[in-house]
Amino acid sequence: EGTIFGKVDGDRGHVDVFGGKVKPLPADVNSYLDIRLEAPPNAVRLSKEAYEQYEDFAPGDYIVDASRVNLSRFGKKGPTMVFLTDDSSKDNAIELGNHDLKKAADLQLFYNGSKRLLLRDVNAVVVAPNAKVEFPHNASFCGAVVANRILGESNNTYSFDVQMLNSAV
C-alpha cells in the first residue's frame, strides 16, 4: 500500500507493475535533500581505530568512510545518522548490509556521492539522491529509499517499517 515517487523505466517500464501508484517526485525534494546531506557540526568522524573495536556504536551522528562501513554496528542502541563519504578506492560500488537491525527508523544513511550502493538485507532509511541503489538477487529491504535510480533483481523482499510513521524520520 502507499505511493511510490519516482519514474519506472527499463525493460519493464511499459508494464504497470505498481498499479498506477508511481507518481513524479515533488518539485521541492532536492532543496530538502541538499540540507540533510551535510553532516551536522557535532557529527563524529570515525577513525580507523574505531572500526577495530567490536562494540556497537552509541546513538548519534557519524561521518563514515564508505570503504570501512559496517552497518551492523549502527542503530542497535537507538537512533543513528550515518553520513557516508566516498572512499579513495577505484571501486565504483559500496556494499551495505545490516540484517540484524530490527527498526529501520533507527538507522538513517545519507550519501551525496555517485557510486552504486548495493543493499543486501538492509533495514534503514537511505537518502542517496545522486547514486544508483541496487538490490541484488535474494535481497531484503525494510525502510525507505531516495536515490537517482533504484534497481531490484529477482526474488527480493521490500517492506516498510510501520514504526517510521511515528518517528521523526
Side-chain angles (χ1 to χ4, degrees), residues 1-26 29 32-33 36-37 51 54 56-57 59 61-62 64-84 86-87 91-169:
E1 296 242 354
T3 301
I4 301 167
F5 291 96
K7 177 183 166 196
V8 177
D9 63 3
D11 294 341
R12 300 191 68 187
H14 64 282
V15 179
D16 191 2
V17 296
F18 296 105
K21 294 182 180 179
V22 178
K23 307 293 181 203
L25 285 170
V29 73
Y32 167 76
L33 294 175
R36 296 293 303 256
L37 288 171
Y51 287 102
Y54 293 103
D56 294 333
F57 292 106
D61 303 334
Y62 296 93
V64 179
D65 183 331
S67 67
R68 289 184 272 191
V69 68
N70 178 354
L71 290 186
S72 64
R73 297 183 53 207
F74 294 97
K76 290 182 181 175
K77 295 182 177 183
T80 303
M81 294 187 356
V82 174
F83 296 84
L84 297 173
D86 271 332
D87 60 347
D91 190 8
N92 65 351
I94 300 167
E95 294 190 42
L96 303 171
N98 69 338
H99 66 277
D100 51 351
L101 183 65
K102 302 303 179 215
K103 286 177 58 181
D106 279 349
L107 181 58
Q108 298 176 46
L109 302 173
F110 298 91
Y111 176 61
N112 200 17
S114 58
K115 291 186 177 184
R116 289 181 310 132
L117 296 181
L118 300 174
L119 304 182
R120 179 183 304 279
D121 305 328
V122 171
N123 296 336
V125 174
V126 179
V127 179
N130 303 313
K132 178 165 66 170
V133 171
E134 296 182 17
F135 297 97
H137 180 73
N138 285 335
S140 66
F141 178 80
C142 180
V145 176
V146 174
N148 183 295
R149 271 187 97 177
I150 300 172
L151 301 172
E153 292 186 22
S154 64
N155 206 37
N156 291 342
T157 303
Y158 306 98
S159 59
F160 178 76
D161 182 356
V162 295
Q163 296 176 72
M164 291 192 322
L165 293 174
N166 296 319
S167 68
V169 174

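Here the structure is a predicted model, which is why all the values come from computation and not from measurement.
Using modelled atom types, no side-chain atom of Thr157 and backbone atom of Asn155 make a donor-acceptor pair closer than 3.5 Å. Here the side chain of Asp121 pairs a donor or acceptor atom with the backbone of Ser140 at under 3.5 angstrom. In this structure, the side chain of Arg120 engages the main chain of His137 through a donor-acceptor pair within 3.5 Å.
Inter-residue side-chain proximity for Phe135 and Ile150 is flagged as met; some heavy-atom pair is nearer than 4.5 Å. Counting heavy atoms from C-beta outward, Asn112 and Asn130 have side chains that approach closer than 4.5 Å.
Atoms CG and CD, on Leu117 and Glu134 in that order, are 9.0 Å from each other to the nearest 0.5 Å. Note: Leu118 CG to Ile94 CD1 = 9.0 Å, rounded to the nearest 0.5 Å. Leu107 CG to Met81 CE: the interatomic distance, rounded to the nearest 0.5 Å, is 10.5 Å. With rounding to the nearest 0.5 angstrom, the CZ atom of Arg73 is 12.0 Å from the OG1 atom of Thr80.
Side-chain atoms of Asp86 and Tyr111 include a donor-acceptor pair closer than 3.5 Å.
If you run side-chain contact (heavy atoms from CB on, under 4.5 Å) between Leu96 and each of Val126, Val133, Leu84, only Leu84 comes through.
Annotation for Pro79 and Pro59: closest pair O-CB, 3.3 Å, computed over non-hydrogen atoms. Residues Ala104 and Cys142 come closest through the heavy atom pair CB-O, 3.3 Å. Between Leu119 and Pro136, the closest heavy-atom pair is O-CD, 3.3 Å. Here the shortest heavy-atom pairing between Leu71 and Leu109 reads CD2-CD2, 3.6 Å.
Listed by chain and number, the residues in a ring-ring contact (aromatic ring centres under 6.0 Å, His included) with Phe74 are Phe57, Tyr62 (sequence neighbours excluded). A search for side-chain hydrogen bond (donor to acceptor under 3.5 Å, both in side chains) contacts involving Asn148 returns nothing, not counting sequence neighbours.
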